[in-house]
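In what follows, a single structure is set out as structure tokens and then discussed.
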There are 2 protein chains.
Amino acid sequence: MAIKYAILGFLSWQALSGYDLKKLFEQAYFLYWSGNNNQIYTTLVQLHKDGAVTTEIDHQTSGPSRKIYTITDEGRQQLREWLLAGPELPQLRQPFFLQLMWADTLSPVELDELCAAYEHEMAIQLLMCQEKARRNELDPARSDRERLLWQLIAERWIGFYTEEVAWVQRLRAELAGKE
Amino acid sequence: MAIKYAILGFLSWQALSGYDLKKLFEQAYFLYWSGNNNQIYTTLVQLHKDGAVTTEIDHQTSGPSRKIYTITDEGRQQLREWLLAGPELPQLRQPFFLQLMWADTLSPVELDELCAAYEHEMAIQLLMCQEKARRNELDPARSDRERLLWQLIAERWIGFYTEEVAWVQRLRAELAGKE
DNA sequence: GTTGCCATGTAAGGTGTTACATGATTTA
DNA sequence: TAAATCATGTAACACCTTACATGGCAAC
């Protein structure tokens, strides 16, 4: 359950409510959980049961009550053990490649349209990444080292989309050249 | 259900048994389904129910009987419609980045060990990709265009791991420089 | 007064993974 | 005769997504 560590990570930065976490997950392009992810609430209950977080209710004067979650030493320890257990491997799923593999029934025009649409989508993702990295809304920046890590993660993400765009452009050029 | 189209794709190339498909899925690094994926069998039953494939039993003289699946016109049509519906978007999950984001509790040595282990894993993946691309075991090659598509997909996969290795090397160098 | 945001949850479904089960044949 | 490979399947689980439900408060 990777989301467990994502939550513990954010809570290791500061105490947050489930709703706060949902907003952070939506904002952060480098996290892959989709918008409106209510798995967060059930995972928080689980973390509480496991003693990794404590919770207290914030009775706001304006607006509904919020449950604020705070990480415990036990939670910090679990996060640390996850890091020491070794690196997680990337899971890159490229169903578009599967489409290309079996796209030989398409006409040259249809195939180029498919690739052009993909190029367009990747260009949009790239712009969104760059814009979010530029605004730099989310950055705990507790140390130079942490700042560097976050910086490089953002760059890698931008790099991925940059290369994806360049690759599909090359693909389209080579397909056009073959006709 | 992306695996449905992966299966239809392979069957659009040639008639295969469930076991053949399992072997192909294990071989193909560009497919993300894990080894020993028995989802294949249930999906084949579903595809048969939907009329996308037909099946006949091959009573082998040596070895157990095999169920050979053949794609139908209906199946080919479904595959084509999937292609025409537009490109699927990549789903890149990088839990390692999540680890780095919250790795500030690690000592410089622990952090470098984590990154070194990641670099090593990515280097292995890269070598495996390159070796499989070199051997080129799986290649329908029904046309020049199809050959080009497969070639470029292999290159993009190699490119991803190449960049991942280069990125983590840069990360380690910058971290070492900060100490 | 109704739209929209804050805030928390439940339930169902899709998809992929892992473990288990079975039995035949080939090879060492 | 033991191990490996061929071949098909079931069951349980993990994880993520989607839809639904509820209710308060603010703004227009």
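A note on names: the letters A, B, ... follow the listed sequences, proteins ahead of strands, and every chain is numbered from 1.
- In this structure, B:Lys22 and B:Gln91 both approach DNA chain D, and ranking their closest nucleotides by distance from the 5' end singles out B:Lys22.
- Annotation: side-chain hydrogen bond (donor to acceptor under 3.5 Å, both in side chains) contacts of A:Asp73 (sequence neighbours excluded): none.
- For residues 94-126 of chain A, every residue pair satisfying the ring pair (Phe, Tyr, Trp, His ring centres under 6.0 Å) rule, not counting sequence neighbours, is listed here: A:Phe96-A:Tyr118, A:Phe97-A:Trp167, A:Phe97-B:Trp157, A:Trp102-B:Phe10, A:Trp102-B:Trp150.
- Summarising the geometry, the separation between CG on B:Asn37 and C1' on C:dT15 is reported as 10 Å, rounded to the nearest angstrom.
- In this structure, A:Ser65 does not reach the C:dT8 phosphate: none of its side-chain N or O atoms is under 4.0 Å from OP1 or OP2.
- Set against C:dT8, D:dA7, D:dC16, the side chain of B:Tyr41 has D:dA7 as its closest nucleotide.
- The nearest whole Å value for the distance from the CG atom in A:Leu44 to the P atom in C:dG9 is 8 Å.
- Sorted by first and then second residue, the salt bridge (Lys or Arg N to Asp or Glu O under 4.0 Å) pairs involving residues 53-70 of chain B (not counting sequence neighbours) are B:Asp20-B:Arg66, B:Asp58-B:Arg66.
- With rounding to whole Å, B:Asp20 atom CG is found 13 Å from D:dG9 atom P.
- Applying the side-chain hydrogen bond (donor to acceptor under 3.5 Å, both in side chains) rule to A:Gln78 yields the partners A:Lys4, A:Glu74; only residues at least two apart in sequence or on another chain are considered.
- Rounded to a whole Å, the NZ atom of A:Lys67 is 15 Å from the C1' atom of C:dC6.
- The side chain to side chain contact (heavy atoms under 4.5 Å, CB included) check on A:Glu131 picks up A:Arg134, A:Arg135, with sequence neighbours excluded.
- No side-chain donor-acceptor contact under 3.5 Å links A:Gln99 and B:Glu88.
- In this entry the distance linking CD1 of A:Ile7 with P of C:dT8 reads 12 Å, nearest Å.
- Separating the CG atom of A:Leu31 from the C1' atom of D:dT17 is a distance of 16 Å, rounded to the nearest angstrom.
- What separates CZ of A:Arg66 from P of C:dC5 is a distance of 17 Å, to the nearest Å.
- Candidate nucleotides C:dC6, D:dC16, C:dT17 were compared by shortest atom distance to the side chain of A:Arg93, and C:dT17 ranks first.
- For A:Gln39, no side-chain nitrogen or oxygen approaches OP1 or OP2 of C:dG9 to under 4.0 Å.
- For A:Lys23, a side-chain nitrogen or oxygen approaches OP1 or OP2 of C:dC6 to under 4.0 Å.
- Comparing D:dG9, C:dT17, C:dT8 against the side chain of B:Tyr69 picks out D:dG9 as the nearest.
- Comparing B:Thr42 and A:Ile3 against DNA chain D, the residue whose closest nucleotide sits nearer the 5' end is B:Thr42.
- Going from atom CZ of A:Phe30 over to atom CG of B:Leu100 covers 12.0 Å, rounded to the nearest 0.5 Å.
- Closest contact between the side chain of A:Tyr19 and the listed nucleotides C:dC5, C:dG9, D:dA7 involves C:dC5.
- Taking atom NZ of B:Lys4 as the reference point, atom P of C:dT15 lies 10 Å away to the nearest angstrom.
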TODO: Let me have a per-nucleotide readout for nucleotides 20-28 of chain D, 5' to 3', with B, S or -, counting only protein heavy atoms under 4.0 Å.
DONE: ---B-SS--
